[in-house]
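The figures here come from the full heavy-atom set of this structure, side chains too, leaving out hydrogens, waters and symmetry mates.
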There are 4 protein chains.
Amino acid sequence: MRLDHTAAGVYAIAATPFTADGRLDTASIDSLTDYYLGAGVTGLTILGILGEAPKLEAEESLAVTRQVVKRAGVPVIVGVSAPGFAAMRWLARNAMDLGAAGVMIAPPPALRTDDQIVTYYAQAIEAIGDDIPVCVQDYPLTLTVVMTPGVIRRIFENHASCVMLKHEDWPGLEKISRLRAWQAEGALKPISILCGNGGLFLDFEMERGVDGAMTGYAFTDMLVELVDLAKAGDREAAHDLFDAHLPLMRYEHQQGVGLAVRKYVLMRRGAIACDAQRNPGSSLTAAARAEVDYLLERLARRDPRRALAE
Amino acid sequence: MRLDHTAAGVYAIAATPFTADGRLDTASIDSLTDYYLGAGVTGLTILGILGEAPKLEAEESLAVTRQVVKRAGVPVIVGVSAPGFAAMRWLARNAMDLGAAGVMIAPPPALRTDDQIVTYYAQAIEAIGDDIPVCVQDYPLTLTVVMTPGVIRRIFENHASCVMLKHEDWPGLEKISRLRAWQAEGALKPISILCGNGGLFLDFEMERGVDGAMTGYAFTDMLVELVDLAKAGDREAAHDLFDAHLPLMRYEHQQGVGLAVRKYVLMRRGAIACDAQRNPGSSLTAAARAEVDYLLERLARRDPRRALAE
Amino acid sequence: MRLDHTAAGVYAIAATPFTADGRLDTASIDSLTDYYLGAGVTGLTILGILGEAPKLEAEESLAVTRQVVKRAGVPVIVGVSAPGFAAMRWLARNAMDLGAAGVMIAPPPALRTDDQIVTYYAQAIEAIGDDIPVCVQDYPLTLTVVMTPGVIRRIFENHASCVMLKHEDWPGLEKISRLRAWQAEGALKPISILCGNGGLFLDFEMERGVDGAMTGYAFTDMLVELVDLAKAGDREAAHDLFDAHLPLMRYEHQQGVGLAVRKYVLMRRGAIACDAQRNPGSSLTAAARAEVDYLLERLARRDPRRALAE
Amino acid sequence: MRLDHTAAGVYAIAATPFTADGRLDTASIDSLTDYYLGAGVTGLTILGILGEAPKLEAEESLAVTRQVVKRAGVPVIVGVSAPGFAAMRWLARNAMDLGAAGVMIAPPPALRTDDQIVTYYAQAIEAIGDDIPVCVQDYPLTLTVVMTPGVIRRIFENHASCVMLKHEDWPGLEKISRLRAWQAEGALKPISILCGNGGLFLDFEMERGVDGAMTGYAFTDMLVELVDLAKAGDREAAHDLFDAHLPLMRYEHQQGVGLAVRKYVLMRRGAIACDAQRNPGSSLTAAARAEVDYLLERLARRDPRRALAE
């Protein structure tokens, strides 16, 4: 189960469940893993930005990896972004030893020029070893690092171990078309492209040719169904499903407060026991919670299969 | 028609129409103004960021102001944000002489601390004169300046001429509730709050207590209807209408390419003759145009009154 | 007197003198121009960042240009950086009509990728016309735009009208060596490189092969002498002179407060009547003024020719 | 040896020595510690930004702490800045157990508003425990977080365990005067202020009332002497000494390449065996090395006691 360019479907960006007093909630790690598997994911991505990875101690990161990999039975990508390469290497090699399928690396915010970005990935891959499959995260909104299609191509052509792009540029549809066009011309090797950005453009991203989604929208089962519909070419059904969820996806996509919404919905769907975050975290006011509840009610009317149990 | 804190309803953020070769399209300025008026706006905001204001020569800015004010018959707010106070003063005073209702001022991106922001508005208002009604623009996503509710309160309490907040923080719902709570406690004077951000949260922003919208979503008539429904307390109808438009609003909200979508829709609705932008601008690829067309078709099914004429 | 790649020596970045109540001080514009000419400059650059250009109205910018060009008798470069190309074109073409030798263009802070920077200069030159000599300003510390040597080469190779680089990257010595090496290999056309950054590395920048300085350090005559010593190969004398001034140069180089120091020294040397800035500006506290006075005293001991008259 | 507000003199920002192949150089850790002690420092700060802290694995950070604390015999401050509080707490508590005198915490770059900064320190101190003495690092140039004097006061007044400010704002002289004035008025508790910024303004910072230096300029003995001269009121001698070193300090202060200069000088002075950095690192070209050598020669003439042995 090593990650390669054929990866497709939905890789859920997994939340990291904590107890109300801030400890890792190992029971919820299991139930959340089961929740994702039950939704039909083809893989999992743990310890990403939304997984509150920087808030874990080093040993905790390994503990989460060990537990999820053991239970999942699907490929698990481990986020290893770190301020330095020593810590990145340590986590990457340990995660692979524990059975991870690959690692995800985001660029640090200080990078500016094309060459700086390309060099960073070269150094990162030298640090972790070129035998570990890598997913490159392209997320300018949060990371402030802007990768042109040309930069992405240079990174993937330079490194055989780079096999997947987590695409969450915004706007990003033309970037997908450009990369796929290069592949069609033989100017770029085959790579897997999974889309993030909370799923906010997944309807059209699928149509532009991506392989699936890698995001943490709490209705994981809907993502799986949407990807299937899109691949089956059932355009209207895909958009109908997408549109039904867009009001909530949009609400969940708010920077900062988004994770609180996501964990709250996961809790309401029974996937985790508690929606607490570690500091610095966000939480929902009573007004926000009522708004999410209202969105859930409306969603249940348009997509009854996703109604919450009373 | 001077702007004051009772302003409500929809102030359309007006596009600036150009011909294909980059000249101001004066005929389209008239037809676009008529389009907004026909939609039922209570006011207009011209020369904002989306109005490509920085791309106009000084005299062109005045020409646009003169033409719109003369035709509109509703209050017109003029964006006067500028890198220096001399140019800001020049445009502000000239615009008021031409009959503008007030001016809108955004903070320059370099501001960081609370005091820097408060001081900036003090200097700006000293520069333009404290007799000109001011709308404060709070738009962190683009401007990178983050104003706490406390900073906003300081600005409005310091300056009697500050009467309106263009709210487009993101996330921003709690900020609205905080400001309205202060007003209820008598800790903040009455101010008008109109929401931007492409309307992406207008459904809940209305419920949090804002007075209306100030955004450029191309279906201006829908914004007017939504604000009316929300004010009438018809929650379900408001959300139904909002949800029907959200897929397009979301597409239009993309940074960079958003204005191209907006101008394209305005052109397709007959409000302007040409969707060209001045450099540096964006344009739609064939694929993007087809996506917008598809969204317009789908919208017409859910909200038939907004169907495009064939 | 059109700017070309043979430009060398010292181009003073000219301050813009204001009266205490904020009007343009036309008498001081003349005396300051004379001050620079008396120092032996080969050219002048007006309306740069330190010239408080964004604080001028459009007509004021022309007035300053007209007055300086008429009096100077040396090439005058006019800063035309603007948020939009319409204003940039307007000022550039008017400035050239008034006899300017060329224009200087800085990239706007939002640019990130290599291609964005290259495209920006292409659009700017298309806007102003390719018949106007251009100085490209490379100033990451303030502008946050990072240009690699490769990007600079692309810009200069794309545009015959680009003839000069205002180099103020920091650190930037290796960039100079890289560009000069490319020229030696025939991989880059001849260009003039003048250095800014307050002169803080001018000692070694000259040794790396630049053509001179373009900065506003208030002892312009020292810059001229330093450049001459460096060109004559008198290394020790050049460094001795440089080191004598470094304590003041360092003090003057402080972001924000630096211009206040510079104008204060220019006032004390009799070049301008008043050291006021327009808002938003900085001013010296009594403590800071005393520190500058102390530095001037110490400087006079090490470089007696620059002693202030009592 | 717990850190408190009486701390004064020079706390050297310690480099972290590596071997050419990137391992921790434990022999050089000892020799470098001895070098600092021989220079007369009153304390040491390890694992700061210049100490390449983010490039160490967690266990390596502890190993360095253990070794330095054991040998130093002076208070050792440990940099514990981290992307998350779990890692920060882990390092802080372990470092204190090993005998550290206190910890240094820098704000993460994403913080913008006054309240965000104040809240961050509250959460950090809650995480590590309020029994650990804290040095607050104020370094906008690199961290992009701007703290007003008022914010600094709030942090220090909120937390008894905050006892020291590492001041490296730039410009920052007025900030020092403001804080000291508040203390004189009883509006701020006693705090220790040590200055960083490569020492580039240490001459005047001492005169504005700081307690000493916390920086890594490679001539640590000169820093100690300068602080002593300033405290003794020997102004001319202090400035003469400072001015002799300023050309090198300026060269060493270059962002990015500065650490390479510093380690090179430490190596040439015999304090460490190798000037290698871990990736991402910088290194000196032959031209840069020759420039540093030349600066060292010139320094030796003006300050013969700092001549390098042949």
Side-chain angles (χ1 to χ4, degrees), chain A residues 140-141 144 146 169-178 180-181 197-205 207-209 235-236 238-240 242-261 282-288 290-292 294-295 297-299 301-302, chain B residues 140-141 144 146 169-178 180-181 197-205 207-209 235-236 238-240 242-261 282-288 290-292 294-295 297-299 301-302:
Chain A
L141 182 64
T144 76
V146 183
D169 198 353
W170 186 51
L173 294 171
E174 301 305 331
K175 183 181 279 187
I176 295 168
S177 294
R178 165 61 30 225
R180 289 310 194 204
N197 239 332
L200 219 56
F201 289 89
L202 188 55
D203 49 350
F204 290 113
E205 287 162 344
E207 298 178 17
R208 295 284 187 127
R235 191 182 199 192
E236 286 292 307
H239 279 273
D240 287 345
F242 178 85
D243 290 0
H245 286 260
L246 186 54
L248 178 59
M249 293 172 85
R250 170 265 335 222
Y251 200 98
E252 203 186 279
H253 190 59
Q254 297 176 84
Q255 294 277 315
V257 81
L259 179 59
V261 178
S282 55
S283 61
L284 298 181
T285 61
E291 288 165 346
V292 176
Y294 182 63
L295 288 171
E297 282 172 38
R298 288 182 56 83
L299 172 63
R301 270 179 265 155
R302 287 182 68 183
Chain B
L141 181 63
T144 76
V146 183
D169 199 354
W170 185 51
L173 294 170
E174 302 305 330
K175 182 181 280 187
I176 295 167
S177 294
R178 167 57 34 225
R180 289 309 193 205
N197 240 331
L200 218 57
F201 289 89
L202 188 56
D203 49 348
F204 290 114
E205 287 163 344
E207 298 180 18
R208 295 286 185 124
R235 191 182 200 191
E236 285 292 307
H239 279 274
D240 287 345
F242 178 86
D243 289 0
H245 285 260
L246 186 55
L248 179 59
M249 293 172 84
R250 169 268 333 223
Y251 201 97
E252 203 186 277
H253 190 58
Q254 297 176 84
Q255 295 277 316
V257 79
L259 178 58
V261 178
S282 55
S283 61
L284 298 182
T285 61
E291 289 165 346
V292 176
Y294 182 63
L295 288 170
E297 283 172 37
R298 289 181 56 83
L299 173 62
R301 272 179 263 156
R302 287 181 69 183

S.K.: Salt bridge (Lys or Arg N to Asp or Glu O under 4.0 Å) with A/Glu252: which residues, sequence neighbours excluded?
M.R.: A/Arg262
S.K.: Hey, what do you get for CG (A/Asp243) to CZ (B/Arg298), rounding to the nearest 0.5 Å?
M.R.: 4.5 Å
S.K.: Examine whether an atom of B/Tyr294 lies under 4.5 Å from a heavy atom of chain A, and if so say whether it belongs to the side chain, the backbone or both; otherwise answer neither.
M.R.: side chain
S.K.: If you count heavy-atom pairs under 4.5 Å with chain A, which of B/Ala287, B/Ala244, B/Gly256 comes out on top?
M.R.: B/Ala287
S.K.: If you look at every heavy atom in A/Gln255 and B/Pro171, which pair is closest and at what distance?
M.R.: O-CD, 3.0 Å
S.K.: Which region of A/Tyr251, side chain (C-beta onward) or backbone (N, CA, C, O), has a non-hydrogen atom less than 4.5 Å from a non-hydrogen atom of chain B, or is it both or neither?
M.R.: both
S.K.: For the pair A/Arg250 and B/Asp203, find out whether any cationic side-chain nitrogen is under 4.0 Å from an anionic carboxylate oxygen.
M.R.: yes
S.K.: With a 4.5 angstrom heavy-atom cut-off, is it the side chain or the backbone of A/Leu284 that approaches chain B, or both, or neither?
M.R.: neither
S.K.: At a heavy-atom separation under 4.5 Å, does A/Arg235 approach chain B through its side chain, its backbone, both, or neither?
M.R.: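 The answer is both parts of A/Arg235.
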S.K.: A/His239, A/Arg302, A/Glu207: which one forms the most heavy-atom pairs within less than 4.5 Å of chain B?
M.R.: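 The residue among A/His239, A/Arg302, A/Glu207 with the greatest pair count is A/His239.
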S.K.: Go through the structure and list residues passing side chain to side chain contact (heavy atoms under 4.5 Å, CB included) with B/His253, not counting sequence neighbours.
M.R.: A/Trp170, B/Asn197, B/Leu200
S.K.: Over all heavy atoms of both residues, which pair between B/Ala288 and A/Glu174 is shortest? Give the atoms and the distance, please.
M.R.: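 Smallest interatomic distance, heavy atoms only, reads CB-OE2, 3.7 Å.
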S.K.: For A/Phe242, is it the side chain, the backbone, both or neither that has a heavy atom under 4.5 Å from a heavy atom of chain B?
M.R.: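 Answer is side chain: those atoms of A/Phe242 sit under 4.5 Å from chain B.
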